[in-house]
Protein chains: 2
Amino acid sequence: MKSDKISEAVVRRLPVYLRYLQELYKREVTTVSSQELGLKLDLNPAQIRKDLAYFGDFGRKGIGYDVAYLIDKIRQILKIDQVINVALVGAGNLGQALSNYNRYVKDNMKIVAVFDSYDKKIGTMINTLTVQPMEELQNTVKERNIRIGIITVPDFEAQRVADCMVEAGIEAILNFAPIIIKAPPHIRIHTADFTTDLLSLAYYLESEEGKEETEDDKS
Amino acid sequence: MKSDKISEAVVRRLPVYLRYLQELYKREVTTVSSQELGLKLDLNPAQIRKDLAYFGDFGRKGIGYDVAYLIDKIRQILKIDQVINVALVGAGNLGQALSNYNRYVKDNMKIVAVFDSYDKKIGTMINTLTVQPMEELQNTVKERNIRIGIITVPDFEAQRVADCMVEAGIEAILNFAPIIIKAPPHIRIHTADFTTDLLSLAYYLESEEGKEETEDDKS
DNA sequence: TAGATTGTTAATCGATTAACAATC
DNA sequence: TAGATTGTTAATCGATTAACAATC
């Protein structure tokens, strides 16, 4: 196959493949079939083959995919074969959690600066990074070649922060605030709104059959 | 329209509608049209009307939707018109961030218990809650009528925790570990894997034109 | 009334899955 | 060779969007 336009659904599955392939690699598994992948990742094998075939002929008929080779290829496709520098804005609990979470360093995503707009936070340390005032965003983005911004501020500040990021030349934003932020079309925005995930989960609960809340006593 | 089977895509948009409607309510806006909603939420107005029409005739032709009424209805549909008790397993940074994040209390989702399997964590306080050992999960779930579980443990523990949750009678799981966890089909699982969001973001970056990494000096 | 906006059908668009020839 | 598995086409399935009669 090789190119067409790649749909977002496909792109979002690539990191999922990558993650599991890396686990296989660690376990010294050298080859994997679309069927095995599908089983493990709850995906249709045909879909996996099709996804990968958009980008090239990575497999071998009768054999499957070479794990190490496919890891390399997916990393290239995702453009994480080089280190990508990331700025985090919002040094609250979630921001701290994210910057402590160093798993993505391995994936060549590196948080290299943390910002906040509250005086109290500025100057404090998060891991090895000093929290900087928002005024320094623009310069730091340029100096440190920061390309992605993560927003972990309260929702009422999220749009303002996004605007600053865009102005500073950031190319893509991961937004944790439960709000739809607006940006020019060349800026890619992903929303990581777990409150949506949580609330929609409730829909799938079995209807109560005479259950009541724990706390307030209706009797 | 009224019922058929409701697709997951529809259900996932309901919390998004709800959130913005609640904001409108706070601002004392009483009525809103699908067009206004669409503009604000980056969605097609026809899609919004269709989504809502699955559940009933909530709007008025020529007028739009009554904000307060629609909030009520969506809360009913999502089954968050009653308090839903939630257990959090994993008292690390992310777990702390989530339990501090009290926004969903307003949405009738309430974290009523926190668990961890590390001795060091057990007995410490997270907000008003004492971290309990995993052994108490089963009993606490029953006693406190906990229906949803949130997993914020490292990936290698996630499946084990999920198994415990299922055994304890939890009905739905929000999983933050970057791994596909398996459970019986009647258990609903949502994955809130922000590393996927972050990595897939890189795909959309403009290709480098002679840029290099910040840190290591190639010259 | 005239203008606005819903609910719903039909048309379009896109994504997933099945099937199979090619080939290791 | 026989068995396995890819890459890809065709078929299916599902979701989004346009259009418009109904009606406030």
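By convention in this document, chain letters (A, B, ...) are assigned in the order of the sequence lines, proteins followed by strands, and residues within each chain are numbered from 1. It should be emphasised that the depicted structure is a prediction, and the values quoted were computed from it without experimental measurement.
Summarising the geometry of Leu129(A) relative to Ile111(A), their closest heavy-atom pair is CD1-O, 3.5 Å, with the distance given to 0.1 Å. Here the closest heavy-atom approach between residue Ala168(A) and residue Lys142(A) is recorded as O-NZ, 3.4 Å. Counting all heavy atoms, side chain and backbone alike, Val29(B) lies closest to Thr31(B) at CG1-O, 3.4 Å.
In this structure Gln76(A) satisfies the side chain to side chain donor-acceptor pair (under 3.5 Å) test with no other residue, sequence neighbours excluded. By the ring pair (Phe, Tyr, Trp, His ring centres under 6.0 Å) test, Phe115(A) pairs with no residue at all, sequence neighbours left out.
At a threshold of 4.0 Å, the pair Glu36(B)-Lys40(B) does not count as salt-bridged, since none of the basic side-chain nitrogens sits closer than that to a carboxylate oxygen. A salt bridge does not link Asp66(A) with Arg60(A): none of the charged nitrogens is closer than 4.0 Å to a carboxylate oxygen. A salt bridge links Arg12(A) with Asp197(B): the closest approach of a Lys/Arg side-chain nitrogen to an acidic carboxylate oxygen falls below 4.0 angstrom. With respect to Arg19(A) and Asp193(B), a salt bridge is recorded, a charged nitrogen being found less than 4.0 Å from a carboxylate O.
Here Tyr65(B) does not reach the OP1 or OP2 of dC24(D): none of its side-chain N or O atoms lies under 4.0 Å away.
Atom CD1 in Ile63(A) sits about 14 Å away from atom C1' in dA22(C), given to the nearest Å. The CD1-P distance, from Ile48(B) to dT5(C), rounds to 13 Å in whole Å. Here the P atom of nucleotide dC24(D) and the NZ atom of Lys61(B) are 7 Å apart, to the nearest Å.
For the contact set between residues 29-40 of chain A and DNA chain D, defined by any heavy atom under 4.0 Å, the members are Ser33(A), Ser34(A). Sorted by residue number, the list of members of residues 68-76 of chain A with any non-hydrogen atom under 4.0 Å from DNA chain C is empty.
Using a 4.5 Å heavy-atom cutoff, the side chains of Leu52(B) and Tyr17(B) are in contact.
From Ile189(A), atom CD1 reaches atom CE of Met165(A) across 10.5 Å, with rounding to the nearest 0.5 Å. From Asn93(B), atom CG reaches atom CG of Leu98(B) across 11.0 Å, with rounding to the nearest 0.5 Å.
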Classify every nucleotide of nucleotides 11-20 of chain C by which part a protein heavy atom approaches to under 4.0 Å, writing B for the base, S for the sugar-phosphate alone and - for neither, in 5'-to-3' order. ----SBBBB-
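For DNA chain D, each stem of at least three Watson-Crick or G-U pairs (distances under 3.5 Å) is given as range with range: C:3-24 with D:3-24.
Side-chain atoms of Asp57(B) lie closest to dT8(C) of the nucleotides dT8(C), dC24(C), dT6(C).
Gln47(A) and Asp51(A) share no donor-acceptor pair across their side chains, judged by distance under 3.5 Å alone.
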